[in-house]
Protein chains: 2
Amino acid sequence: MLRISKLTDYGTLILVHLASVAPNKPCPASEIAAGTGLALPTVQKVLKKLARGKLVVSSRGADGGYRLAREPDAIDAAEILDVLEGPLAITECSHDDSHCELESNCQVGGAWQKISRAIRAAMTEIRLSDLRNPPTEFPLRYTILSESGHLGRTDK
Amino acid sequence: MLRISKLTDYGTLILVHLASVAPNKPCPASEIAAGTGLALPTVQKVLKKLARGKLVVSSRGADGGYRLAREPDAIDAAEILDVLEGPLAITECSHDDSHCELESNCQVGGAWQKISRAIRAAMTEIRLSDLRNPPTEFPLRYTILSESGHLGRTDK
DNA sequence: AACAATAGGACTATTTTAGTCCAATATATG
DNA sequence: CATATATTGGACTAAAATAGTCCTATTGTT
Ligand code: FES
Ligand code: FES
């Protein structure tokens with residue numbers, strides 16, 4: 001349903017690992033690889049993306065490494081997905097640039113994009129601290145409210 | 001965020017189209033192609049998947065075609081995704097079969113899978129009839145409730 | 001019989017993803 | 001200053017998923 005790549009999963013593992021070590025001691029990639037069981041080159045690759053995405057900060061040189069840029073409860077799942085999955089639109093609406101050739105006779109009007117945005121908003125409420133040892137379930141009760149009124153259920 | 005393939009987007013277009021024509025007159029693929037602006041071979045391919053997934057029923061032979069298997073408000077978005085995107089797990093947890101080599105020292109414990117299941121549950125509340133001419137937004141207010149208690153916000 | 005459709009799958013090309021590796025740069029330390 | 005430790009940035013290959021087209025067989029109508 002929500003499909004994330006392996007790299008993103010790795011990234012989560014890494015972030016959670018970083019959240020569980022001493023916050024101000026930079027943790028080198030090799031240590032993270034050992035701690036998570038992931039291959040070192042892969043860990044390095046993911047860490048670079050996380051650093052560019054400002055989720056971790058890096059220190060170079062001896063005694064360097066990575067540490068979280070913020071507290072674990074100040075990093076949310078939407079950010080993690082943004083950084084590791086890219087800005088990816090849900091669909092390009094069967095076209096490439098922003099204008100759709102089918103638009104004139106299209107009755108869908110980007111419903112999936114809207115749903116995706118709604119899900120993203122929900123993701124901002126899930127924090128890195130929630131990802132560590134998560135509950136057995138994430139009972140996500142949701143409500144869709146439509147301004148135009150034709151969607152107005154409060155719950156199932 | 002929620003990434004769906006083009007084929008799934010096409011499928012939505014097709015289903016919405018079928019929802020807007022006479023319900024009991026089978027609609028041939030060629031007509032759907034013309035009505036949606038999609039290429040015929042693509043439409044045919046998607047319709048086959050929809051038929052196998054029991055979302056549409058087909059009639060062969062002259063005067064044949066496809067029609068919705070159920071009323072538009074009896075088909076939900078989760079089903080559409082199941083049929084067109086496959087059963088796809090969100091991640092394989094960095095492994096192939098059901099047992100994960102990292103499991104012993106893993107602190108994540110399939111958080112993404114759980115989130116995905118929650119999102120899927122939310123998707124069952126969105127119906128095909130909602131996808132047609134959707135509201136300008138899908139304000140999806142959600143609540144995460146944790147049985148283990150460490151997730152307990154009611155709203156933002 | 002002729003025609004109109006779907007069923008099923010093969011097939012190719014393109015794109016995305018995964019994974020590894022290397023050369024360059026920065027930093028701490030003795 | 002020399003050396004060892006680390007990140008940075010990108011190149012590179014292999015594998016897998018996606019998109020799109022097309023062909024043949026079957027089914028049903030007239
Ligand atoms: S398919 Fe592009 S606007 Fe609907
Ligand atoms: S990565 Fe497989 S159980 Fe956590």
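All chains are named by letter (A, B, ...) in the order of the sequence lines, taking the proteins before the strands, and each is independently numbered beginning at 1.
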Taking C:dA18, C:dT6, D:dA19 as options, the one with an atom nearest any side-chain atom of B:A29 is C:dT6
- Item | Test side-chain contact (heavy atoms from CB on, under 4.5 Å) applied to A:L84 and A:L7, step by step | CA-CA 7 Å; A:L84 294 176; A:L7 277 304; 5.9 Å; no
Is it the case that C:dG9 (base atoms only) and B:K45 (side chain only) share a donor and an acceptor within less than 3.5 Å, ignoring hydrogens and angles? no
Examine the base of C:dT27 for any acceptor or donor lying under 3.5 Å from a partner atom in the side chain of A:R60, and report the outcome as yes or no. no
Smallest heavy-atom separation, B:A69 atom then B:V57 atom, equals CB-CG1, 3.9 Å
Between CG of A:L47 and P of D:dA6 the distance, given in whole Å, is 13 Å
Does C:dG9 have OP1 or OP2 under 4.0 Å away from a side-chain N or O of B:R52? yes
Problem - Presence of B:S58 side-chain N/O under 4.0 Å of C:dA5 phosphate oxygens OP1/OP2 - result: no
Picking from C:dA18, C:dT6, D:dT18, the nucleotide nearest the side-chain atoms of B:P28 would be C:dT6
Result for 5'-nearest mapping on DNA chain C, choosing between A:G61 and A:L40, is A:L40
When rounded to whole Å, the NZ to C1' distance for the pair B:K49 and D:dA17 reads 11 Å
note: B:I14, atom CD1; D:dA19, atom P; distance rounded to Å ~ 13 Å
*Does A:Y10 have a side-chain nitrogen or oxygen under 4.0 Å from the phosphate oxygens OP1 or OP2 of C:dA18?*
no
*asked:* Assess whether a salt bridge exists between B:E79 and B:K54, defined as any Lys/Arg side-chain N lying under 4.0 Å from an Asp/Glu carboxylate O.
replied: no
Of the listed D:dT8, D:dT7, C:dT20, the closest approach to the A:K48 side chain comes from D:dT8
inquiry  = Check the phosphate of D:dT21 against B:T42, side-chain N and O only, distance under 4.0 Å to OP1 or OP2. Yes or no?
reply    = yes
Within the structure shown, what part of the strands sits under 4.0 Å from B:S59 by heavy-atom distance: base, sugar-phosphate, or nothing? sugar-phosphate
By nearest-nucleotide position on DNA chain C, the 5'-leaning member of A:Q44 and B:C27 is B:C27
Of the listed D:dT21, C:dA28, D:dA19, the closest approach to the A:A62 side chain comes from C:dA28
